[in-house]
Q: 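This structure is in structure tokens; I'll ask about it shortly.
Remember, it's a predicted structure, so these values are computed and weren't measured experimentally.
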Amino acid sequence: MTATRPDVLLTMADYRGTLAAARSLGRAGVRVTVADGRPLAVARWSRHVRRRLACPDVDEEPERFVEWLLRFGAREPGTILYPTSDDMCWLLARHRGDLSRHFVLWMPDVDVLYSFLNKRRLYDACTRLGIARPATWAPRSAADVERIAREARFPVVVKPQTQVMLRPHAKGRFVGSAAELPAAYREFVRATSYGRLLRDWDPEVTQPLVQTFEGRQAEGVYNLSGFVDETGRAFVTAASRKVLQWPPVLGVGLCFEEAEVVPELADDVARLCADRGYFGAFEVEFVVADGRHLLIDFNPRFYGQMGFDIARGLDLPWLVYLAAVGDGEALRAAVGDARRHASVRGAHVYCDRVELELAQGVLRLAGRGPGDREKWGRWLSAHREGRVDAVLDPRDWMPGVAEALGALLRRARHPRSEWRSARRG
């Protein structure tokens, strides 16, 4: 690294992708600044972070947060800024004109990014390109919901169009029968809301989707993650399979296993990126049902289990960094290295051990624990050598302490939610 290499600013320090990016770039010699006001946010505690700053909360005060960014950028122009959450992704793109006067923003414009962040727009693009996805409806009235109740194959899930500025963050609501759908739909609308900035920009975002729920018939969730540049030629992917999530029905992945890249799915993702003009890091989720891969989500940013891909040779933060600084020669070499690593499958698995242990504790309290404890205990033991942990790292141990304390406090604040998740599981 030379002295002319720009610094990186990372926010949303409680996200696993932020921690993975801080570790990757810090090991490469990049000066990493983390901005987050929460004292137990895990990435703040990494030894690979050179500087820690407090900033307004992105969730609660997005406008003040953007003002803070502009002041930071004016003081330290040329810093690279890249998103690790849906909120950040949309905010940076929405204010790209102002922010790009100070920061290096290597990302598409807001319309491109929102076509992935908004699932209704994403599924429309999939339909147009012939990419399989679950049956999905976008009702606009109570009559539409009643009609869907008659047409849909149950169970279904009521899900938000996007996670951007959604409060509270909710994956969706499981609905087991047609009779339950109208009330469940109304309740989900009442229980969630979007920030004013997004509502003003997309007034239709407040109308949830209804989607066939494939989870109980599914053969797992398959993930393709990777990188693509503006030309589409620097395209590289790696694959994994989600084997455990929490909450059990609609949750965040806790355990993943390495998988083979399915060439047809990689081609579909490349076509989708080319069609929308997307470039950057990505993670795409497919539910596998009756032998078919159905696309359900596309994250156009750094993502939770990114540390797994970094450990397998797909160092996405470094690829994004090289693209952002315009080092084409180094980027081509790094993409070539990533492709060679991606073609060699080892025995790697990924685990969010702190969250797994806490989830198992909740299951024990709910009377559902013994079989699960034995199963995942055997899984952890079988994969001791190739295991990549989301947070725990003996060479960078303080984030693990912060995460354990923070996870206990989060569960103490929302005990009923955890209990309901355990009973449903």
Side-chain angles (χ1 to χ4, degrees), residues 8-12 15 17-18 21 35 55-74 79-126 128-129 138 160-167 169 193-209 227-232 269 271-284 295 297-303 316 320 323-324:
V8 167
L9 174 64
L10 297 173
T11 60
M12 308 298 289
Y15 279 59
T18 307
C55 66
D57 189 284
V58 177
D59 290 343
E60 302 298 328
E61 302 177 295
E63 289 139 313
R64 282 193 62 222
F65 174 75
V66 172
E67 292 169 359
W68 181 90
L69 277 180
L70 290 169
R71 290 195 299 272
F72 178 97
T79 300
I80 294 174
L81 189 57
Y82 200 78
T84 58
S85 74
D86 287 354
D87 284 357
M88 276 294 298
C89 195
W90 185 80
L91 272 177
L92 297 188
R94 178 73 179 83
H95 297 278
R96 181 181 178 183
D98 292 331
L99 291 168
S100 61
R101 296 203 302 267
H102 309 298
F103 291 97
V104 177
L105 289 177
W106 189 72
M107 57 193 303
D109 65 33
V110 66
D111 289 323
V112 171
L113 287 169
Y114 195 62
S115 67
F116 293 102
L117 295 168
N118 184 297
K119 291 180 176 60
R120 178 175 60 81
R121 300 187 185 200
L122 171 64
Y123 298 150
D124 287 347
C126 288
R128 185 164 40 77
L129 295 172
Q161 288 192 36
T162 180
Q163 293 289 326
V164 175
M165 304 189 80
L166 177 67
R167 306 294 176 266
H169 286 295
S193 63
Y194 284 97
R196 178 185 55 79
L197 284 177
L198 184 65
R199 291 199 315 271
D200 290 347
W201 195 77
D202 178 12
E204 295 184 351
V205 74
T206 57
Q207 299 167 324
L209 305 175
F227 171 90
V228 62
D229 72 348
E230 300 98 324
T231 70
V269 172
R271 288 194 299 120
L272 190 55
C273 291
D275 177 75
R276 306 306 305 143
Y278 178 74
F279 56 90
F282 61 80
E283 184 234 7
V284 188
L295 191 150
D297 204 4
F298 188 115
N299 291 310
R301 53 172 175 78
F302 292 157
Y303 50 91
L316 293 170
V320 167

Q: Of all the heavy-atom pairs spanning Asp57 and Asp59, show the shortest one and how long it is.
A: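 For Asp57 versus Asp59, the nearest heavy atoms are OD1-N, 2.7 Å.
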
Q: Identify the heavy atoms of Leu295 and Cys126 that sit nearest to each other, and give their distance.
A: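 Looking at all heavy atoms of both residues, the shortest contact is CD2-SG, 4.0 Å.
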
Q: Please report the C-alpha distance between Arg128 and Tyr123 in whole Å, then the side-chain angles of each, then the deciding distance to 0.1 Å, and finally whether the side-chain contact (heavy atoms from CB on, under 4.5 Å) criterion is met.
A: CA-CA 9 Å; Arg128 185 164 40 77; Tyr123 298 150; over 6 Å; no

Q: What I'd like to find out is whether the side chain of Met12 reaches to under 4.5 Å of the side chain of Val58, using heavy atoms alone.
A: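 Sidechains of Val58 and Met12: in contact.
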
Q: Are any of the side-chain heavy atoms of Leu9 and Phe103 separated by less than 4.5 Å?
A: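 They are in side-chain contact.
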
Q: Quick one: does any side-chain atom of Gln161 pair with a main-chain N or O of Gln207 as donor and acceptor, under 3.5 Å?
A: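 Yes; judged by distance alone, with no hydrogens or angles, the pair exists.
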
Q: Which atom names give the shortest non-hydrogen contact between Leu81 and Leu105, and what distance separates them?
A: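 Leu81 and Leu105 have their closest heavy atoms at O-CD2, 3.5 Å.
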
Q: Within this structure, what is the CG-OG1 distance for the pair Leu99 and Thr79, rounded to the nearest 0.5 Å?
A: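 Atom-to-atom, Leu99:CG and Thr79:OG1 are 12.0 Å apart.
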
Q: Nearest 0.5 Å, please: how far is CH2 in Trp68 from CD in Glu61?
A: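 Reported value, rounded in 0.5 Å steps: 13.5 Å.
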
Q: Going by heavy atoms in the side chains, are Leu198 and Arg94 under 4.5 Å from each other?
A: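 Leu198 does not reach Arg94 side chain to side chain.
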
Q: Going by heavy atoms in the side chains, are Val284 and Asp297 under 4.5 Å from each other?
A: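 Side-chain contact under 4.5 Å: no.
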
Q: Checking Leu197 against Leu91 for the side-chain contact (heavy atoms from CB on, under 4.5 Å) test, could you report, in this order, the C-alpha distance in whole Å, the side-chain angles of both residues, the deciding distance, and whether it holds?
A: CA-CA 9 Å; Leu197 284 177; Leu91 272 177; 4.2 Å; yes

Q: Work out which heavy atom in Leu113 is nearest to a heavy atom in Pro108; give both atom names and the distance.
A: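 Scanning both residues completely, I find the closest heavy atoms to be CD1-O, 3.6 Å.
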
Q: Please lay out, stage by stage, how Leu70 and Glu67 fare under the test side-chain contact (heavy atoms from CB on, under 4.5 Å).
A: CA-CA 5 Å; Leu70 290 169; Glu67 292 169 359; 5.5 Å; no

Q: Report yes if the side chains of Asp229 and Phe227 come closer than 4.5 Å at any heavy-atom pair, otherwise no.
A: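 Yes, side chains in contact.
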
Q: Are the side chains of Phe116 and Leu272 in contact, using a 4.5 Å heavy-atom criterion?
A: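 When only atoms from C-beta onward are counted, Phe116 and Leu272 do touch, with a gap below 4.5 Å.
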
Q: Would you say Arg120's side chain and Thr162's backbone share a donor-acceptor pair under 3.5 angstrom?
A: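 Checked: no pair found.
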
Q: What heavy-atom pair brings Pro83 and Arg301 nearest, and what distance separates the two atoms?
A: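 Between these two residues, the closest heavy atoms are O-CB, 3.6 Å.
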
Q: Under 6.0 Å between ring centres: does that hold for Tyr82 and Phe302?
A: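 Yes, ring centres under 6.0 Å apart.
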
Q: If you compare all heavy atoms of Thr84 against all heavy atoms of Thr11, which two are closest, and at what distance to 0.1 Å?
A: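 Closest pair (atom of Thr84, atom of Thr11, distance): OG1-O, 3.4 Å.
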
Q: Decide yes or no for Leu69 and Leu92: does some side-chain heavy atom of the first lie under 4.5 Å from some side-chain heavy atom of the second?
A: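 SC-SC contact between Leu69 and Leu92 confirmed.
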
Q: Examine Trp90 together with Tyr194 and report whether their ring centres are nearer than 6.0 Å.
A: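 Centroid distance Trp90-Tyr194: not below 6.0 Å, so no.
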
Q: Hey, what's the ring geometry for Tyr278 with Phe298, parallel, tilted or perpendicular (30° and 60° as the breaks)?
A: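 If you compare the ring of Tyr278 with that of Phe298, the planes turn out perpendicular.
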
Q: Do Cys89 and Leu117 have side chains that get closer than 4.5 Å, going by heavy atoms?
A: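 Result yes, sub-4.5 Å side-chain heavy-atom pair found.
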
Q: Calculate, to the nearest 0.5 Å, the distance between atoms CG and OH belonging to Asp86 and Tyr114 respectively.
A: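 Here the interatomic distance stands at 10.5 Å.
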
Q: Whether Asp111 and Arg121 form a salt bridge (side-chain N of Lys/Arg under 4.0 Å from carboxylate O of Asp/Glu) is what I want to check.
A: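 Here Arg121 does not pair with Asp111 in a salt bridge, since their nearest N and O are not under 4.0 Å apart.
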
Q: Do we see a donor-acceptor contact under 3.5 Å between the side chains of Tyr303 and Asn299?
A: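 Not at all, the side chains of Tyr303 and Asn299 share no donor-acceptor pair under 3.5 Å.
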
Q: Quick one: does Arg271's side chain have a donor or acceptor within less than 3.5 Å of a partner on Leu129's backbone?
A: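 Confirmed, Arg271 side chain pairs with Leu129 backbone.
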
Q: For Phe65 and Cys55: C-alpha separation, side-chain torsions, deciding distance, then whether side-chain contact (heavy atoms from CB on, under 4.5 Å) applies.
A: CA-CA 7 Å; Phe65 174 75; Cys55 66; 3.9 Å; yes

Q: Looking only at side-chain N and O atoms, does Ser115 offer a donor or acceptor that is under 3.5 Å from a partner on Arg276?
A: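 Present: a donor and an acceptor within the cut-off.
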
Q: Please lay out, stage by stage, how Asp202 and Arg199 fare under the test salt bridge (Lys or Arg N to Asp or Glu O under 4.0 Å).
A: CA-CA 5 Å; Asp202 178 12; Arg199 291 199 315 271; over 6 Å; no

